[in-house]
Amino acid sequence: MHALMQTLITQLRRKELTRAQFRYYAHQLAQCLAQQAVDHLKTTPVTVATPFGKADGIALQQPVVLVPILRSGLALLPAFVELFPDAGIGCVGLRRDEKTAIATLYYNNIPKLSGDEQIIMLDPMIATGGSSCATLEILTKQGVAQRNILFVAVIAAQQGLDVVKKAFTGITTIVAAVDKELNPKKFIVPGLGDFGDRYFGTE
Ligand code: URA
């Protein structure tokens with residue numbers, strides 16, 4: 001991982017951060033992840049006209065659709081919209097039961113897809129992998145090929161990441177940090193606590 005991302009994630013983990021500081025580091029990190037995401041997208045050669053002639057270059061090959069998993073995925077969205085201003089946005093809402101940590105779907109609104117889109121799925125924390133797999137299930141059932149799915153997260157528990165990668169072998173994942181374990185309440189340890197609560201101020 002890049003040193004910049006490492007320093008940002010180290011700051012983001014600090015329990016004493018104010019809400020503003022947490023949002024600041026989350027956004028900086030999301031910008032780094034968005035830039036890293038571009039390296040995984042398919043490109044096509046293009047030629048453009050400059051004031052003095054022609055220049056060869058590249059352009060993204062596929063339209064991008066961003067899929068934040070509500071609610072924490074919304075924290076990553078502004079940085080990705082900045083980089084992909086034309087992207088479609090599809091929201092998937094999953095609520096995690098506090099006791100069982102099982103995710104249930106309460107909202108699903110994904111734009112009509114042709115099958116050629118590059119999906120970038122956004123969820124800062126991969127704990128058990130339950131919400132990730134539920135969202136990937138929705139996307140693949142809608143006809144999205146796994147090779148067209150890039151999953152971006154900030155911190156994953158190793159076991160959750162393994163669950164996702166085993167169930168969806170064809171997707172690409174970008175994760176800023178992989179942590180050791182989950183506590184009995186299925187929070188990532190050491191992690192950073194409840195990302196959504198810290199970002200939205202609902203602790
Ligand atoms: N979601 C969070 O916000 N934090 C965790 O540790 C696990 C899931």
Side-chain angles (χ1 to χ4, degrees), residues 1 5-34 36-37 66-80 89-108 120-139 149-168 171 173-203:
M1 202 209 316
M5 275 171 79
Q6 247 172 310
T7 62
L8 290 170
I9 203 161
T10 305
Q11 294 304 319
L12 191 67
R13 288 179 190 273
R14 286 183 188 276
K15 66 176 182 187
E16 69 275 18
L17 292 188
T18 63
R19 189 180 306 158
Q21 288 170 327
F22 188 84
R23 286 181 179 160
Y24 170 80
Y25 288 118
H27 183 64
Q28 295 293 316
L29 203 46
Q31 284 181 320
C32 292
L33 287 165
Q36 205 172 318
L66 303 169
V67 178
I69 302 181
L70 304 182
R71 122 190 111 144
S72 298
L74 292 179
L76 304 180
L77 194 58
F80 281 77
I89 300 173
C91 292
V92 174
L94 289 156
R95 190 173 287 113
R96 200 166 93 124
D97 185 289
E98 298 269 311
K99 289 203 180 84
T100 62
I102 292 171
T104 47
L105 180 73
Y106 66 88
Y107 189 71
N108 175 12
I120 306 182
M121 206 171 107
L122 306 171
D123 191 3
M125 308 294 276
I126 306 175
T128 61
S131 316
S132 320
C133 287
T135 307
L136 287 161
E137 191 82 19
I138 290 169
L139 290 168
I149 301 177
L150 179 61
F151 182 14
V152 178
V154 174
I155 302 179
Q158 185 66 62
Q159 72 176 76
L161 190 59
D162 291 345
V163 166
V164 174
K165 284 187 167 174
K166 197 168 166 209
F168 296 90
I171 69 163
T173 52
I174 299 179
V175 181
V178 180
D179 282 7
K180 264 206 317 258
E181 54 196 3
L182 294 175
N183 70 14
K185 288 188 165 173
K186 309 294 182 198
F187 279 91
I188 300 170
V189 178
L192 52 70
D194 189 310
F195 189 103
D197 278 352
R198 296 187 70 183
Y199 188 90
F200 291 101
T202 49
E203 299 101 326

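In each ligand, atom 1 is the first atom listed, and ligand 1 is the first ligand listed.
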Heavy atoms from other residues, nucleotides or ligands near OH of Tyr24 exceed 12 (cutoff 6.0 Å):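 No.
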Polar side-chain atom of Arg95 near backbone of Thr104 as donor-acceptor pair, under 3.5 Å: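 No, because the side chain of Arg95 does not come within donor-acceptor range (under 3.5 Å) of the backbone of Thr104.
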Backbone N/O of Leu192 and side chain of Arg198: donor-acceptor pair under 3.5 Å: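 Yes; at least one donor-acceptor contact below 3.5 Å.
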Any N/O pair Gly196/ligand 1 closer than 3.5 Å: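 No, since none of the N or O atoms of Gly196 sits under 3.5 Å from an N or O of ligand 1.
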Ala127 N/O under 3.5 Å from ligand 1 N/O: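 No; every N/O pair is 3.5 Å or more apart.
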Which residue owns the protein heavy atom closest to [atom], what's the atom, and how far is it?
atom                   : result
atom 4 (N) of ligand 1 : Gly193 O, 2.8 Å
atom 5 (C) of ligand 1 : Phe187 CD2, 3.4 Å
atom 6 (O) of ligand 1 : Ile188 N, 2.7 Å
atom 1 (N) of ligand 1 : Met125 CB, 3.7 Å

From CG (Leu136) to CD1 (Ile149), nearest 0.5 Å: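 Here the rounded value is 5.5 Å.
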Interatomic distance, Cys91 atom SG to Leu77 atom CG [nearest 0.5 angstrom]: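 One gets 7.0 Å once the value is rounded to the nearest 0.5 Å.
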CA sep, side-chain torsions, deciding dist, call: Asp197, Arg19, salt bridge (Lys or Arg N to Asp or Glu O under 4.0 Å): CA-CA 10 Å; Asp197 278 352; Arg19 189 180 306 158; over 6 Å; no
Proximal ligand 1 atoms for Phe195, defined as those under 4.0 Å from one of its heavy atoms: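 Reading through ligand 1 atom by atom, the close ones are 2 (C), 3 (O).
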